[in-house]
Amino acid sequence: MSALENLTAEGKELLRRDQVWPFLMPKQQAVDVSHQVILYVEGLNLSFDGFKALNDLNLYINDGELRCLIGANGAGKTTLMDVITGKTQCDSGTVYFGQNHNLLERSEPEIAELGIGRKFQKPTVFEAHTVFDNLELSLKTNKGVMPTLLARLTPTQLDRIDQVLEIIGLKEQRFMLAGALSHGQKQWLEIGMLLVSEPRLLLIDEPVAGMTAQETERTAELLTSLAGEHTVIVVEHDMEFVRSIARTVTVLHQGSVLAEGTMDQVQNNKDVIEVYLGEEA
Amino acid sequence: MSQSLSSIARFSASDLFKGKGQPGGRVAPFVAILLAVTVLASAANLLLPESSPFYVSTYTITLLGKYLSYAMLALAVDVIWGYCGILSLGHGAFFALGGYAMGMYLMRQIGDRGVYGHPELPDFMVFLDWSELPWYWLGMDQFWFAMLMVLAVPGLLAYIFGWLAFRSRVTGVYLSIMTQALTYALLLAFFRNEMGFGGNNGLTDFKDILGFDLQSDTTRVALFAITALMLALTFITSHWIMQSRLGKVVVAIRDGEARARFLGYRTDNFKVWLFVYSAMIAAIAGALYVPQVGIINPGEFSPINSIEIVIWVAVGGRGTLIGAIVGALLVNYAKTRFTAIMPDGWLFALGALFVLVTLFLPKGLVGVYDQLKAHFAQPQSKSDESSTPHQESAKEASV
Ligand SMILES: Nc1ncnc2c1ncn2[C@@H]1O[C@H](COP(=O)(O)OP(=O)(O)O)[C@@H](O)[C@H]1O
Ligand SMILES: [Mg+2]
């Protein structure tokens with residue numbers, strides 16, 4: 001019965017003359033960053049069977065900044081990214097992309113469409129596809145079923161893919177299956193997939209795990225060069241790496257922010273020394 | 001700029017001349033062989049005298065037509081299972097629904113030539129003391145309308161089923177079980193006389209199609225040839241779809257659905273539409289099958305039928321399209337031979353075949369063919385190595 005009521009209510013909604021039908025609304029509204037903040041995370045709570053993975057977490061990321069998230073294993077870094085990208089529902093709190101996009105009411109593809117790209121902790125590329133195809137699939141294009149069926153690569157898109165292949169150093173491997181790449185190369189390919197999608201905000205989870213020192217250095221260079229035009233949030237355990245790229249570091253501990261500041265400030269923070277760096281020393 | 005132009009050239013060239021190991025690299029040769037065999041067999045039936053050693057009997061023609069509609073059904077399952085990793089164990093249902101829609105048209109073609117001689121009602125309805133046609137039989141005397149229903153009913157069912165299942169992110173074994181339940185539920189429903197589809201006996205005793213006598217050699221040959229053409233057409237279309245970016249997305253969904261979502265693809269929509277496409281191919285196959293075998297009954301909905309289709313695809317090699325076709329043809333030929341010798345042993349033989357293929361030929365006959373070819377082409381080549389990840393991801397997808 002209530003289903004029927006819902007239906008009539010929806011029907012009435014459709015007949016309203018003072019507003020445009022939802023499917024005719026312009027979908028892509030520009031992200032409003034007039035306050036220089038691109039990501040607002042406020043009062044985020046999430047518990048798994050009573051275990052508080054996120055505990056009243058507050059985080060603000062400025063537009064164009066490169067932010068490092070550090071914290072012990074299980075601090076909630078990956079879970080935070082899951083919530084931001086729509087993979088996991090939180091219990092309470094708000095997440096806004098710019099001032100106008102409430103991310104909590106959007107699905108993963110919608111969030112991706114808004115311009116939030118993600119690199120997973122475990123490299124996830126499409127192994128049965130070539131390097132080139134992996135990049136093609138990641139292009140910023142209309143991702144509907146019909147447009148995808150009829151899609152043809154434009155010269156601009158080809159140039160973009162070539163450019164990214166150059167950046168990630170996989171030019172030689174462009175027609176190789178992604179599954180045949182080394183671990184480090186897969187990490188790079190996944191970063192490349194992020195780059196071709198031209199996101200506003202990149203969430204990068206442990207990018208240098210399994211990379212050689214040299215590869216790590218190149219990753220650091222790449223991420224630093226991305227900041228400015230893009231906003232980058234990097235989760236990393238490798239303190240050497242964090243020191244080499246970070247301007248602002250946020251320390252997570254048991255699902256909430258413990259400290260925030262430059263690397264030096266954070267390292268000299270009493271709480272941090274106690275719970276995190278203290279353990280290492 | 002010149003660089004990008006050269007990559008365009010390279011890209012489209014690689015599109016046309018897919019080498020070995022590239023699924024679907026055999027479209028043109030296969031279609032050529034299929035059409036040549038069709039023309040030769042048809043000519044041998046119609047033009048040669050029965051005494052000629054090259055004469056092809058009408059029985060054989062009908063048998064070939066039946067095999068080809070099975071091949072189309074296997075193609076439908078490969079599209080959804082081989083490429084998208086959705087193991088449907090209920091595709092027999094779409095095949096049967098297409099068959100029933102065609103059967104209804106053929107029943108209405110009988111007119112007053114039935115046993116009871118009723119001008120409008122099929123015999124089984126007269127037998128049930130029904131006085132008028134149920135509403136869902138209306139319009140089925142029009143060929144175009146019946147053909148529309150062949151596509152619309154299974155397509156709609158697939159859409160609703162897919163929408164419900166894929167929206168709620170049902171995957172893997174649960175989805176397979178749901179598809180089995182779907183075909184089983186339809187089996188039970190179609191067994192009931194009150195459903196108005198002839199109950200247990202189904203629809204049979206067809207007389208003619210579009211005015212052509214179903215028993216005549218020419219009609220039989222025409223049906224066989226149309227089946228071959230439709231198989232070629234659906235094969236080419238499916239190949240085209242799988243080569244398009246949509247095909248790449250579909251494979252991406254198979255190997256990493258979450259990843260595809262984070263790239264911005266609404267994966268449930270892709271799955272629903274692919275499922276609908278696949279169901280429609282199965283339905284066309286069913287509609288071509290029925291006039292050739294002359295009957296459609298609820299047995300076509302039985303869950304075991306749907307499982308058999310999956311085995312055909314596995315034997316031929318999934319995710320290759322051609323493998324599904326070859327697998328369906330070979331296994332059904334073997335079935336015809338085998339059941340002639342040992343009617344009760346077939347299910348065991350089929351089970352054993354499935355186990356053997358799963359264990360020793362994970363890429364099916366096509367995989368074996370490719371390996372042999374690679375082996376003879378360049379004895380010490382490294383193509384084996386480069387194909388391993390392919391194999392691995394295919395294995396993962398099967399789990
Ligand atoms: N789906 C889940 N179910 C139960 N517990 C989870 C789940 N995801 C994460 N957790 C727990 O939440 C905590 C935070 O995990 P995570 O965000 O992965 O930490 P990290 O900071 O190392 O990335 C961990 O203790 C983990 O065990
Ligand atoms: Mg983590």
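Here is the naming used below: chain letters follow the sequence lines, and residue numbers restart at 1 for every chain.
With a 4.5 Å cut-off on non-hydrogen atoms, A/Ser138 touches chain B through its backbone and its side chain both. For A/Gln163, no part sits under 4.5 Å from any heavy atom of chain B, backbone or side chain. In this structure, chain B has no heavy atom under 4.5 Å from any part of A/Thr156.
A distance of 6.0 Å or more separates the ring centres of A/Tyr40 and A/His101.
Between B/Arg169 and B/Asp268 there is no salt bridge, since none of the side-chain N atoms of the basic residue sits less than 4.0 Å from a carboxylate O of the acidic one. Between B/Arg259 and A/Glu190 there is a salt bridge, since at least one side-chain N of the basic residue sits less than 4.0 Å from a carboxylate O of the acidic one. No salt bridge links A/Arg106 with A/Glu113; every basic N to acidic carboxylate O contact stays at or beyond 4.0 Å. Between B/Arg261 and B/Glu257, at least one side-chain nitrogen of the basic residue sits less than 4.0 Å from a carboxylate oxygen of the acidic one, meeting the salt-bridge criterion.
Here A/Lys143 is the residue among A/Lys143, A/Lys87, A/Met176, A/Arg118 with the most heavy-atom pairs under 4.5 Å with chain B. Ranked by heavy-atom pairs under 4.5 Å with chain A, the first of B/Val249, B/Asn269, B/Thr267, B/Leu246 is B/Leu246. Top candidate by heavy-atom pairs under 4.5 Å with chain B, chosen from A/Ile111, A/Ile161, A/Leu137, is A/Leu137.
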